[in-house]
Amino acid sequence: MSKYDVETIRHSAAHVMAAAVKQLFPNARFDIGPATENGFYYDFELDRSLAPEDLKSIEKAMKKLIGRKLPFERFELSRAEAEQMLRADNQVYKLERLADIPDGSVISFYRTGDFVDLCRGPHVDNTGAIGAVKLQSIAGSYFRGDESNPMLQRIYGTAFASEEELQAHLTLLEEAAKRDHRKLGKELDLFSFSENVGPGLVLWHPKGAFIRNTFETYWRDRHYQNGYELLYTPHIGRSVLWETSGHLDFYKESMYSAMEIDNSDYYVKPMNCPFQIEIYQSRLRSYRELPLRWAELGTVYRYEKSGVLHGLLRVRGFTQDDAHIICTPDQIEDEIVEVLRFSMSIWKEFGFTEIKPYLATRPAKAVGEPERWEKALAALEKAVKKAGLDCAVDEGGGAFYGPKIDLKVRDAIGREWQTTTIQFDFNLPERFDMTYIGEDGKKHRPYMVHRALFGSIERFFGILVEHYAGAFPLWLAPEQARILPITENQYQAALAMRDELRRKGLRVEIDGRQAGLGAKIKDARHDRLNYILVVGEREAADGTLAVRCRRDGELGAMSVEAVAERMLRDIADKK
RNA sequence: GCCGACUUAGCUCAGUUGGUAGAGCAGUUGACUUGUAAUCAGCAGGUCGCCGGUUCGAGUCCGGCAGUCGGCUCCA
């Protein structure tokens with residue numbers, strides 16, 4: 001066990017990396033080099049672009065510095081001295097960082113060999129305490145994260161107290177790469193993209209579409225059971241709708257451009273809410289019909305910047321599992337509690353058990369009366385408590401139109417995904433002048449909550465692929481079992497058994513190829529089959545199947561009846 | 001959108017200093033009739049992302065565009 005925490009080791013490693021860069025690029029200008037969740041980075045301005053080979057030489061130089069066990073020597077300077085020193089070296093970014101340090105604070109520097117860095121610390125005593133280091137990638141990054149600033153070059157790396165810990169981390173990264181939904185999507189023939197269709201527009205292949213369909217049916221059933229009504233709304237709408245909603249003012253650059261039809265501009269929808277509001281507005285509403293829970297699998301299109309597209313996780317056309325709850329102020333708390341309960345129960349069915357809520361409060365620029373914000377926030381907080389969850393608060397992180405709760409779920413290999421979002425909206429009810437007639441016979445403004453459990457079907461599908469590593473539970477599997485006749489002589493028997501299983505509602509195929517059993521097994525495993533059912537001479541004779549279950553291994557010979565029973569139980573248990 | 005890298009057969013990838021493209025798998029045809037992670041042989045498959053330039057000659061060098069990847073920014 002190292003006496004330093006891993007952040008200190010990583011931040012120290014960032015210094016060492018900067019020192020190495022200084023050796024190789026004497027004119028380098030430095031920004032900052034913090035530790036991150038999984039490693040560290042440092043931002044530089046260099047005379048030329050870094051190439052992957054540079055990482056090797058920088059890493060080599062780092063290892064030399066580490067081997068020399070150089071001390072981290074701390075010293076303090078006055079602001080004037082510090083400025084003078086940084087200016088002499090033309091360290092423009094450091095000078096800006098220096099200016100950020102409030103007057104009266106200590107201005108400390110650390111010296112490691114020839115490299116001196118403005119830094120608050122802390123560090124390890126000497127570079128020898130950095131047990132293991134690896135540089136990982138080169139990236140561009142804006143100075144201070146601001147698009148209008150120059151772009152610096154960032155090197156990412158990671159460091160640990162020991163080589164073993166580093167190797168364990170790299171193994172985890174490999175595991176994540178194996179599960180990458182883009183890779184598995186191709187391997188399992190689930191979905192693709194086409195240049196001819198356009199970036200970020202998903203083509204669902206039969207197997208992927210099957211899983212999605214099964215999931216959507218489940219989604220609809222669960223919503224009906226939980227008091228939602230389902231809607232359909234169009235994909236395009238006239239510009240006046242988007243003027244009223246405010247999208248054309250605030251969001252136009254993220255919308256696909258207008259198409260002109262009969263002298264009107266129509267826009268492809270980036271959101272479903274305005275359409276649902278139009279349904280609300282189709283007649284006078286009474287407090288007696290509230291709360292309304294309206295859900296829709298609504299396909300929207302957003303012109304996302306080209307650089308942000310990422311497999312299914314960030315696309316341009318996607319289907320939101322959207323719902324809007326329209327209710328009276330009195331009902332709001334119960335509604336939020338119910339949404340949270342509903343959401344968590346669904347996450348559990350997919351094997352996500354660790355769920356963390358984040359509460360985002362009022363930002364500086366916001367619409368809606370402060371007392372409504374407070375009431376909404378209180379409702380959110382109470383709901384989280386009632387659900388028995390601890391929640392982190394993201395101060396000022398809400399949307400301008402209302403506070404929200406986001407849920408993050410942890411997947412099978414410990415990664416967190418932001419999924420469910422529950423957002424108050426004080427903007428749209430106002431803009432569309434939504435009202436209901438209250439008990440007092442007067443018009444009142446309802447509360448409106450947007451809620452998406454999965455965010456988008458595409459994104460959720462991508463997360464599921466990675467969570468399950470492509471091995472879907474039986475109820476979602478497009479092909480639930482595959483019968484492998486050992487020779488052609490068992491084909492007729494296999495056919496009869498397949499049909500018997502199919503009659504029980506199971507999705508079963510036969511691998512009737514003229515190939516060895518080993519080859520058929522290999523392919524069935526590659527396709528992540530939940531059940532592999534082998535029929536040889538023995539099985540054909542007594543009407544059984546040799547069962548190999550993905551989860552439990554080889555189970556020996558079972559009657560067709562017993563196989564069906566077992567599979568139906570798995571399906572019911574969502575295994 | 002910005003920085004950088006990449007793009008060769010359906011897939012995964014080779015391709016020397018510029019001399020006119022190759023493997024494995026998949027496909028297909030035939031043989032084999034097989035007991036739990038690859039039976040053997042034949043055949044077919046490519047405007048080397050697209051457009052332009054340099055050159056006697058470009059997969060290879062240069063420029064533009066598109067797409068993808070790693071990040072940044074963004075995700076009213």
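Chain naming here is simple, since letters A, B, ... match the order of the sequence lines and numbering starts at 1 in each.
- Side-chain polar atoms of A/Arg528 and A/Tyr468 form no donor-acceptor pair below 3.5 angstrom.
- Side-chain atoms of A/Tyr142 come within donor-acceptor range of the base of B/G1, with a qualifying N/O pair under 3.5 Å.
- Here B/U7 presents its P atom at 21 Å from CZ of A/Phe193, a figure rounded to the nearest Å.
- Judged by distance alone, with hydrogens and angles left aside, A/Gln490 brings no side-chain donor or acceptor close enough to the base of B/G35 to form a pair under 3.5 Å.
- A/Lys207 and A/Glu509 are not joined by a salt bridge, as no carboxylate oxygen comes within less than 4.0 angstrom of a charged side-chain nitrogen.
- At whole-Å resolution of the value, NZ in A/Lys305 and P in B/G71 are 18 Å apart.
- Below the 3.5 angstrom threshold, one finds no donor paired with an acceptor across the side chain of A/Arg459 and the base of B/C75.
- For the pair A/Glu147 CD and B/C74 P, the interatomic distance rounds to 7 Å; values are reported in whole Å.
- The CD-C1' distance, from A/Gln136 to B/G4, rounds to 17 Å in whole Å.
- Both cation-pi conditions hold for A/Arg372 and A/Tyr447: the charged atom is under 6.0 angstrom from the six-membered ring centre and inside a 45 degree cone around its axis.
- Atom OH in A/Tyr156 sits roughly 17 Å away from atom P in B/A5 (whole-Å rounding).
- Nearer the 5' end of RNA chain B, as judged by each residue's closest nucleotide, is the contact made by A/Leu152, out of A/Lys404 and A/Leu152.
- Following rounding to the nearest Å, A/Gln153 (CD) and B/G70 (P) show an atom-to-atom distance of 19 Å.
- Nucleotide B/C11 holds its P atom 15 Å from the CG atom of A/Leu188, rounded to whole Å.
- Cation-pi check for A/Lys408 over A/Tyr358 is met; the charged atom lies under 6.0 angstrom from the ring centroid and within 45 degrees of its normal.
- Nucleotide B/U34 holds its P atom 14 Å from the CD atom of A/Glu539, rounded to whole Å.
- Within 4.0 Å of A/Ser137, counting heavy atoms only, lie sugar-phosphate atoms of the nucleic acid but no base atom.
- Judged by the 6.0 Å distance and 45° axis criteria, A/Arg362 is not positioned over the aromatic ring of A/Phe400.
- The residue among A/Arg182 and A/Ser49 whose nearest nucleotide of RNA chain B is located toward the 5' end is A/Ser49.
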